[in-house]
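The block underneath contains the structure these notes are about, expressed in C-alpha cells.
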Amino acid sequence: MVNNLVHLYRQFGVTCRSIMAGLQEAKKLAAYKAVDDHVQDNLIVGVGSGSTAVLAVERMMERVRNEHLNIKCIPTSFQARQLIIQSQLPLTNLEINPEIDVTIDGADEVDENLTCIKGGGACFLQEKIVAYNSKKLVIIADYTKDSVKLGQQWKKGIPLEVDPMAYYTVKTKIEKTMGGEAELRIGKMKAGPVITDGGNFILDWKDFNPESNWEEVNMELLKIPGLFETGLFVDMAVVAYFGMSDGTVKVRTPKNAKDSCDC
Ligand SMILES: O=C[C@H](O)[C@H](O)[C@H](O)COP(=O)(O)O
C-alpha cells in the first residue's frame with residue numbers, strides 16, 4: 001500500500017515536471033519567433049515582464065550579439081529593467097525615447113479579439129504605459145493562454161492596481177455594482193499585501209461576466225477613485241504568438257480587426 005502511494009506520488013511528480021518542461025518550450029517557441037519577426041536594426045523595443053518575456057530577452061541578446069543589431073530597450077517593470085541590464089542590452093526610457101517601435105510582452109489570457117488579461121506578476125501599470133506608447137504590441141504566450149473568451153482558462157481574476165488607502169472602498173464598489181469578488185493579493189514570501197513597482201496594492205477581480213464588453217468594463221473601472229489601472233488590455237495587441245504543444249507556433253490577429261495589420 002505505502003509502496004503504491006510512493007509510486008503514484010513519483011509518477012505525479014514526473015508528469016508535472018514534463019508538463020512544465022512542455023510549457024517552457026512552448027513559451028520559448030513563441031518568444032523566439034516573435035523576436036525574429038518583429039525586432040530589427042535601429043528599433044526602440046519595449047521589453048515585457050514575466051517568464052515568457054525572459055525568453056524574448058534571451059533571443060534579443062543572441063541576435064544583438066550575432067547580427068550586431070542596434071536596438072534600444074524600454075523596460076515595463078523593475079524585473080524587465082534588471083533583465084535588460086543583465087543581458088547588456090542598451091537601456092533607454094520614455095523621456096529619451098517616447099515613441100516605441102514594438103513592444104513584446106507576455107499575457108495571462110488572450111481572447112479571440114486579442115483582449116488580454118495581464119498582471120499575473122503585478123507589472124501591468126508600466127506594461128500598459130509602454131504598450132500605449134508603442135506602434136505595435138506583440139503578445140507571446142504558451143497555448144494555455146489562448147482562449148475565445150476571457151476567464152475561460154485564467155481563473156485568478158483581472159488584476160486592478162489600487163491606492164492602498166482605497167483598496168477596501170474600491171473592492172466594495174466593484175462587488176456591489178459589477179458583481180464577482182475583488183480579492184486583495186497577498187504576498188507569498190511576505191506577510192501582507194503584494195506591493196507593486198509603483199508602491200500600490202492589487203485587487204484580483206474574480207467571477208466576472210465572461211460575456212462583458214471589455215472596453216466598457218475597463219472604462220467603468222477606471223472611473224472609481226483610487227483605481228489607477230486595470231490588467232485589461234483592450235484593442236492594444238495587434239498580433240499574438242502562441243507556442244503550441246506540438247512544437248508549432250500559432251500566430252493570431254484580432255477577430256474584430258477593422259483594418260488588416262502589417263504584422
Ligand atoms: O504582470 C505580469 C505580466 O503581465 C506578465 O506579462 C503576465 O503575467 C504573463 O506572465 P508569464 O509570461 O510569466 O506567463
Side-chain angles (χ1 to χ4, degrees), residues 19-35 45-60 73-84 100 102-111 114-132 134 136-147 150-162 183 185-188 193-206 214 218 228-234 236-237 239-245 249-250:
I19 291 173
M20 293 312 288
L23 286 180
Q24 185 66 9
E25 188 50 35
K27 288 178 189 187
K28 185 171 175 176
L29 286 168
Y32 274 46
K33 181 158 173 56
V35 169
V45 180
V47 172
S49 309
S51 56
T52 320
V54 170
L55 301 163
V57 171
E58 184 179 282
R59 183 59 175 164
M60 282 181 218
C73 298
I74 302 222
T76 56
S77 61
F78 182 85
Q79 179 218 12
R81 188 171 181 276
Q82 294 286 99
L83 264 175
I84 295 166
I100 304 163
V102 58
T103 290
I104 301 188
D105 201 352
D108 300 305
E109 189 164 40
V110 185
D111 80 3
L114 299 196
T115 298
C116 304
I117 296 179
K118 289 182 51 53
C123 304
F124 57 100
L125 194 153
Q126 288 186 35
E127 288 178 337
K128 206 182 259 190
I129 296 170
V130 172
Y132 182 80
S134 300
K136 198 157 62 168
L137 171 64
V138 176
I139 294 293
I140 47 175
D142 66 67
Y143 55 91
T144 64
K145 316 288 184 67
D146 179 15
S147 291
L150 295 184
Q152 201 178 316
Q153 306 190 77
W154 178 254
K155 304 294 179 193
K156 295 184 182 171
I158 297 171
L160 308 168
E161 182 147 350
V162 296
E183 270 177 25
R185 192 181 296 183
I186 300 298
K188 292 227 166 74
V194 166
I195 310 292
T196 67
D197 288 347
N200 302 308
F201 288 179
I202 302 258
L203 292 173
D204 288 301
W205 180 36
K206 296 176 183 162
W214 295 115
N218 193 43
F228 293 137
E229 195 46 271
T230 82
L232 279 169
F233 284 49
V234 188
M236 295 190 98
V239 62
Y241 286 66
F242 299 98
M244 308 305 285
S245 53
V249 177
K250 176 173 166 185

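Just follow the structure's listing: the first ligand is 1, and inside any ligand the first atom is 1. Being a predicted model, the structure only gives us computed values, none of them experimental.
- Of all the heavy atoms of A122, the ones lying under 4.0 Å from any atom of ligand 1 belong exclusively to the backbone.
- Looking at atom 12 (O) of ligand 1, its nearest protein heavy atom turns out to be T52 OG1, 2.6 Å.
- In this structure, K145 fails the cation-pi test against F242, since its NZ or CZ atom is not both closer than 6.0 Å to the six-membered ring centre and inside 45 degrees of the ring normal.
- Nearest protein neighbour of atom 5 (C) of ligand 1, counting heavy atoms only, is S49 O, 3.2 Å.
- T230 and N218 share a side-chain donor-acceptor pair at under 3.5 Å.
- Counting only heavy atoms of the protein, atom 14 (O) of ligand 1 lies nearest to K145 NZ, 2.7 Å.
- When side chains are defined from C-beta on, L125 does not count as touching T196, because their heavy atoms never get closer than 4.5 Å.
- Looking only at protein heavy atoms, the nearest one to atom 3 (C) of ligand 1 is E127 OE2, 3.0 Å.
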For this session: Given side chain to side chain donor-acceptor pair (under 3.5 Å), test S51 with K27 step by step and report yes or no.
Result: CA-CA 8 Å; S51 56; K27 288 178 189 187; 2.8 Å; yes

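- Close approach of ligand 1 to G106 (heavy-atom distance below 4.0 Å) involves ligand atoms 6 (O).
- Relative to the ring axis of Y32, K28 places its NZ or CZ within 45° and under 6.0 Å from the centre.
- For atom 2 (C) of ligand 1, the candidate residues are G48, G121, A56; the nearest heavy-atom contact is made by G121.
- The shortest contact between atom 7 (C) of ligand 1 and any protein heavy atom is with D108 OD1, 3.4 Å.
- Side-chain atoms of S147 never come within 3.5 Å of backbone atoms of V110 as a donor-acceptor pair (strictly under, hydrogens ignored).
- A salt bridge links K118 with D105: the distance from a Lys NZ or Arg NE/NH1/NH2 to an Asp or Glu carboxylate oxygen falls below 4.0 Å.
- The distance criterion of under 3.5 Å between nitrogen or oxygen atoms is not met by K27 with respect to ligand 1.
- Atom 13 (O) of ligand 1 has S51 OG, 2.5 Å as its closest protein atom, hydrogens excluded (heavy atom only).
- Residue-ligand proximity, D105 to ligand 1, at heavy-atom distances under 4.0 Å covers atoms 6 (O).
- Taking the ring axis of Y241 as reference, the NZ or CZ atom of K33 does not stay both within 45° of it and closer than 6.0 Å to the ring centre.
- Under 4.0 Å from ligand 1, the heavy atoms of A107 that appear belong solely to its backbone.
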